[in-house]
Amino acid sequence: MISRKIIPILTVYTCLPSSAPAQTGPSSTVEHTQDFSEVVVPITSVRLGITGKLGPSLGIDANFGTGFCLDAACRFIVTNYHVAMTTRAGKVKGEKIIHRYLATGSDDRGATANPLPNMDVLPFAMSRDLAIFELRWPLSHHHGLSFSLDELEAGQEVDIYGYPKGIVNPIRKLARFPAKFKGPTTSGLLAFDYELSADQPIRIAGASGGIVVDRKTEKIVGILSGTTETMALAVPLQTLVDFVSKVEPFLAQRVFPTANGVSPVPGNLYPKFAPPPDYNPKYIPGVSFGLAHRPEESPEVKVLRNKAQSLADSMRNFIAVQTSEWGSGDKEPSAEAEYEVRVIDGVQRFREYPDGKKELEDIPPPRLSSSVRASYEWSTLPKMVGTEWRLKVRQAADVVVNKQRMKVFQYYSSVEDNLCPFAPIEDYGFFTIQKEVAVACYGEVWTDEDTNILRISENLELSDKLKAYRGWQEYQIVLTYGWLTLAHEPRLVPLTIFTEGRYGKHVDWCRGQFTNYQRFDSEVRIIANDVQRLSPR
């Protein structure tokens with residue numbers, strides 16, 4: 001006979017006391033300017049089902065954890081991987097979770113079998129014990145906090161915040177626990193000595209996924225993951241930066257503006273490259289572009305040409321999923337869509353993901369946001385840099401961007417070169433008009449020290465006629481590329497695409513991200529460490 005009982009669930013490894021008393025000594029005299037209840041949130045799931053290790057029984061499966069706002073609007077919630085897997089929460093404070101990003105998993109390198117307090121075993125890499133929930137709408141009256149990537153010093157004072165589950169009282173309250181940095185562990189975590197509360201170590205579940213905050217600056221320095229008998233353990237902040245940069249690069253640019261080497265948004269390092277008038281004489285049919293009169297390209301530019309052509313050739317046969325978002329100004333996206341990109345012998349087609357049947361030559365922009373798009377430039381721009389000899393290219397001085405040395409190449413194309421098309425879409429309600437015209441363009445190519453392309457930007461020089469027509473001012477495109485192992489072979493693939501159009505005082509933008517790569521015979525995830533984007537549960 002199946003009996004009904006309530007089973008208390010203890011979430012992984014650690015939590016703080018449900019009613020943290022005021023600490024005595026210097027720890028309690030620090031004046032806090034932040035209301036951390038607007039930053040840290042409880043994560044809870046309660047289900048009725050069959051449970052029990054010693055025999056099946058019908059009961060309530062309750063799981064608890066903690067998360068915190070990643071961005072200023074609090075649309076993205078960070079927590080532990082083990083919290084995400086054990087709670088399987090569908091909402092956070094009433095807002096629906098629409099996407100889950102996991103930084104580790106059972107097949108991750110470094111994964112070990114980790115016992116949980118509820119007697120389950122969950123394999124994952126402890127050093128990447130992170131997950132992110134994307135909410136449909138931001139949490140009202142909540143906001144993100146600043147982060148610090150400064151190296152911690154031994155003895156540095158911090159505060160740990162989380163929502164532990166009380167032993168008797170099921171109502172959870174935000175708790176603060178003072179601690180001091182001890183040092184890194186061999187498993188890649190950060191260790192903090194903490195003071196016992198009522199002679200008891202931190203063992204109560206619920207606070208996993210909380211934040212570790214530097215006491216002086218009130219900036220986040222780590223993510224609480226677990227405890228031993230004497231130490232609290234946290235995932236380093238740099239691990240979170242790397243994770244967000246993989247799964248949400250545009251968000252990473254806003255949240256960690258100084259921590260990313262390659263910016264996915266518009267912006268060049270140098271003023272526009274303007275070659276002299278005789279740099280490339282006018283093309284005459286039957287004459288090889290006047291190459292005899294053009295200055296010989298440097299060996300570095302020749303290497304860039306070869307690398308760009310190889311990049312374009314490597315993207316002639318594969319399938320990926322392109323996620324696109326449209327918006328205006330500094331607002332949150334007003335529309336989004338996912339399309340499967342299928343490239344066969346260099347010809348690309350799109351279909352709605354995952355169940356679309358109709359093949360399209362381009363990604364259709366949504367209504368009311370139709371002035372910009374982001375679809376095929378990720379393949380055409382490398383081809384232009386690699387094969388179009390009418391394009392004028394020169395090498396600029398190397399730069400160091402966020403501790404990463406990069407080579408920078410500048411390029412320019414005139415209207416007569418007919419290399420840079422501009423096709424604005426005009427929406428008249430019942431129909432749209434799109435007419436392609438040739439414009440001048442310029443931009444930059446960023447590479448690593450081996451001249452592997454990591455970023456290409458393109459700025460279109462619109463004519464006075466186009467500027468007068470509906471007030472167009474400028475149009476910019478930015479592409480980023482990264483390494484992915486396909487069929488045991490590392491290669492560069494597109495990561496992001498961003499387009500932005502300004503007309504009058506209005507700014508429209510479209511940003512896209514590429515995931516789920518396939519090379520027809522093998523399927524590989526683009527994001528590192530087996531990070532996955534899962535459907536809402």
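Keep in mind that this is a model prediction, so the values were computed, not measured. One-based numbering along the sequence shown.
Interatomic distance, Lys358 NZ to Phe350 CZ, rounded to the nearest 0.5 Å: 14.5 Å. Here the CD1 atom belonging to Ile363 is positioned 3.5 Å from the CD atom belonging to Gln322, to the nearest 0.5 angstrom. The OG atom of Ser245 sits 7.5 Å away from atom CZ of Phe256, with the distance rounded to the nearest 0.5 Å. One finds the NE2 atom of His506 at 4.5 Å from the OG atom of Ser328 (value rounded to the nearest 0.5 Å).
Within a 6.0 Å radius of CG in Asp35, more than 12 heavy atoms belonging to other residues, nucleotides or ligands are found.
Residue pairs meeting the salt bridge (charged side-chain N to carboxylate O under 4.0 Å, His left out) criterion with at least one partner in residues 138-153, sequence neighbours excluded, are absent.
Figure legend: cation-pi geometry between Arg100 and Phe133, with NZ or CZ positioned under 6.0 Å from the six-membered ring centre and within 45° of its axis.
Using cut-offs of 30° and 60° on the angle between ring planes, the pair Phe124 and Tyr81 is tilted.
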Test log, rule ring-ring contact (aromatic ring centres under 6.0 Å, His included), inputs Phe36 and Tyr161: CA-CA 8 Å; Phe36 287 93; Tyr161 291 88; 4.0 Å; yes

Test Thr66 against Ile43 for side chain to side chain contact (heavy atoms under 4.5 Å, CB included), laying out the working first. CA-CA 5 Å; Thr66 296; Ile43 297 174; over 6 Å; no

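Under the salt bridge (Lys or Arg N to Asp or Glu O under 4.0 Å) criterion, Glu38 pairs with no residue at all, not counting sequence neighbours.
Taking both residues in full, the closest heavy atoms of Pro138 and Ala73 are given as CB-O, 3.0 Å, listed atom of the first, atom of the second, then distance.
If you check the side chains of His82 and Asn114, you find no donor sitting under 3.5 Å from an acceptor.
Ion pair Arg75/Glu134 flagged as a salt bridge, since at least one NZ, NE, NH1 or NH2 atom sits closer than 4.0 Å to an Asp/Glu carboxylate oxygen. Remark: Asp159 engages Arg215 in a salt bridge, criterion side-chain N to carboxylate O under 4.0 Å. Using a 4.0 Å cut-off between a side-chain N of Lys or Arg and a carboxylate O of Asp or Glu, Arg128 and Asp108 qualify as a salt bridge. Residues Glu95 and Lys93 are not paired through a salt bridge, judged by the lack of any N-O separation under 4.0 Å between the basic side chain and the carboxylate.
The aromatic ring centres of Trp137 and Phe76 sit 6.0 Å or more apart. Ring centers of Trp378 and Phe514: under 6.0 Å apart, within the cut-off.
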